[in-house]
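Report on one structure; see the data block that follows.
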Amino acid sequence: MVQNPRQAYGALFVVIVAAISGVIIAAGFVAPEFVIRGATFWLFIGAVGVMVVCAIISWLADLPGILAREFGSNGGDH
């Protein structure tokens, strides 16, 4: 059971946003000619910016620790 829902689901949200940004960034390396065209270039640049913000949040808030504490297996519910 989650002890602090706001903290736990906020950390989970940051991880999901970072994963989506990672997929967009990876697509830029797999199909660079598609990314360079038009609006997808700005989507790629935005994804890089979002990834940097997520990394800073992760470092400042200790997201791995929050996720392990809130969602990790601790031998059963208390």
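Position 1 is the first residue of the sequence; numbering continues from there.
Between T40 atom OG1 and E33 atom CD the span is 10.0 Å, to the nearest 0.5 Å. Between atom CZ of residue F34 and atom CZ of residue F41 there is a gap of 14.0 Å, rounded to the nearest 0.5 Å. In this structure, the separation between CE on M51 and CD1 on I20 is 10.0 Å, given to the nearest 0.5 Å. The distance from the CG atom of D62 to the CD1 atom of I57 is 13.5 Å, given to the nearest 0.5 Å.
A distance below 6.0 Å separates the ring centres of F71 and Y9.
One hydrophobic cluster holds both W42 and F44 under the rule that ILVMFWY side chains link at heavy-atom gaps under 4.5 Å. No path of Ile, Leu, Val, Met, Phe, Trp and Tyr side chains, each step under 4.5 Å between heavy atoms, connects V48 with I56, placing them in separate hydrophobic clusters. Note on L43 and F29: separate hydrophobic clusters, where clusters join Ile, Leu, Val, Met, Phe, Trp and Tyr whose side-chain heavy atoms are under 4.5 Å apart, directly or indirectly.
Considering all non-hydrogen atoms of both residues, V2 and A8 come closest at CG1-CB, 3.5 Å. Taking every heavy atom of both residues into account, I24 and A47 meet most closely at CG2-CB, 3.7 Å. Smallest separation of non-hydrogen atoms from E70 and Q3: OE1-N, 2.8 Å.
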Return all side-chain donor-acceptor pairs below 3.5 angstrom for residues 12-19, not counting sequence neighbours, or 'none' if the list is empty.
none

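Looking at heavy atoms from C-beta onward, C54 lies out of side-chain contact with S21 at the 4.5 angstrom threshold.
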